[in-house]
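The analysis underlying the following values was restricted to heavy atoms, covering all of them including side chains, and did not include hydrogens, waters or symmetry mates. This chain uses plain numbering: 1 for the first residue, then up along the sequence. All figures in this text were calculated on a predicted structure; none of them were measured in a lab.
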Amino acid sequence: MQEKPIKFSPVKDRILQVIDLKGDNPNKFYVKSGVTRGVLTQKNGISEKNIARILDTYHNINPAWLLTGKGEMLLRSSDGSSKVEEPAV
């Protein structure tokens, strides 16, 4: 019997894209963001609290893109560049 691959929610798929773009792995992501370990592999959705943590961790992520998939992944800075910034410590 063939196992079906885990189908993530579209939002979780986009979070995984951000993690990949940043060069992180899920474990590093969980530590940096404070999101509970395993959230990205659960079949259910993701909470507003966790979305807020992600946006707080990755400042240049476009919230509209994260939630809907529409628009650019990264917000543009005042100089027109787009990059994922490290959170201020």
Side-chain angles (χ1 to χ4, degrees):
M1 183 187 255
Q2 214 175 31
E3 287 187 40
K4 292 182 181 179
I6 296 174
K7 178 73 172 145
F8 294 110
S9 75
V11 172
K12 289 181 182 182
D13 284 339
R14 287 188 284 279
I15 293 166
L16 291 170
Q17 289 177 43
V18 170
I19 292 168
D20 186 52
L21 174 74
K22 187 60 182 148
D24 289 343
N25 60 48
N27 288 329
K28 189 173 179 182
F29 161 78
Y30 292 130
V31 170
K32 285 170 80 171
S33 67
V35 172
T36 306
R37 290 188 188 279
V39 164
L40 296 178
T41 56
Q42 295 172 349
K43 291 182 182 181
N44 56 343
I46 188 160
S47 71
E48 293 174 14
K49 186 175 184 177
N50 283 331
I51 296 281
R53 286 177 175 164
I54 292 161
L55 292 172
D56 191 46
T57 301
Y58 300 105
H59 301 266
N60 277 7
I61 298 303
N62 180 348
W65 172 82
L66 185 63
L67 297 174
T68 67
K70 295 180 181 176
E72 301 271 335
M73 177 193 287
L74 302 176
L75 296 172
R76 300 274 175 196
S77 65
S78 58
D79 66 0
S81 65
S82 60
K83 64 180 180 176
V84 179
E85 296 176 351
E86 290 291 329
V89 179

Side chain to side chain, [X] and [Y], heavy atoms closer than 4.5 Å:
X: Ile61; Y: Ile54; answer: no
X: Phe29; Y: Thr57; answer: no
X: Asn60; Y: Met73; answer: no

Closer than 3.5 angstrom, by distance alone: can the side chain of [X] be matched with the main-chain N or O of [Y] as a donor-acceptor pair?
X: Tyr58; Y: Val18; value: no
X: Lys12; Y: Asn44; value: yes
X: Arg53; Y: Gly34; value: yes
X: Asn62; Y: Glu72; value: yes
X: Arg14; Y: Trp65; value: yes

Euclidean distance, [Y] [atom2] relative to [X] [atom1], rounded to 0.5 Å:
X: Ile15; Y: Leu55; atom1: CD1; atom2: CG; result: 8.5 Å
X: Asp56; Y: Ile51; atom1: CG; atom2: CD1; result: 13.0 Å
X: Leu21; Y: Leu74; atom1: CG; atom2: CG; result: 6.0 Å

Considering non-hydrogen atoms only, spot the tightest contact between Pro26 and Ile19 and give its length. N-CG2, 4.2 Å
Might you point out which heavy atoms bring Tyr30 and Thr41 nearest each other, and give the distance in Å?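 Scanning both residues completely, I find the closest heavy atoms to be OH-N, 4.4 Å.
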Do Leu40 and Leu67 sit in one hydrophobic cluster, given that two such residues count as connected whenever their side-chain heavy atoms are within less than 4.5 Å of each other, even indirectly?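 Leu40 and Leu67: one cluster.
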Begin with the C-alpha distance, continue with both residues' side-chain angles, and end with the deciding distance and a verdict on side-chain contact (heavy atoms from CB on, under 4.5 Å) for Arg37 and Val31. CA-CA 8 Å; Arg37 290 188 188 279; Val31 170; 3.4 Å; yes
Decide side-chain contact (heavy atoms from CB on, under 4.5 Å) for Lys22 and Lys32; before the verdict, give the C-alpha distance in whole Å, the side-chain angles of both, and the deciding distance to 0.1 Å. CA-CA 12 Å; Lys22 187 60 182 148; Lys32 285 170 80 171; 3.9 Å; yes
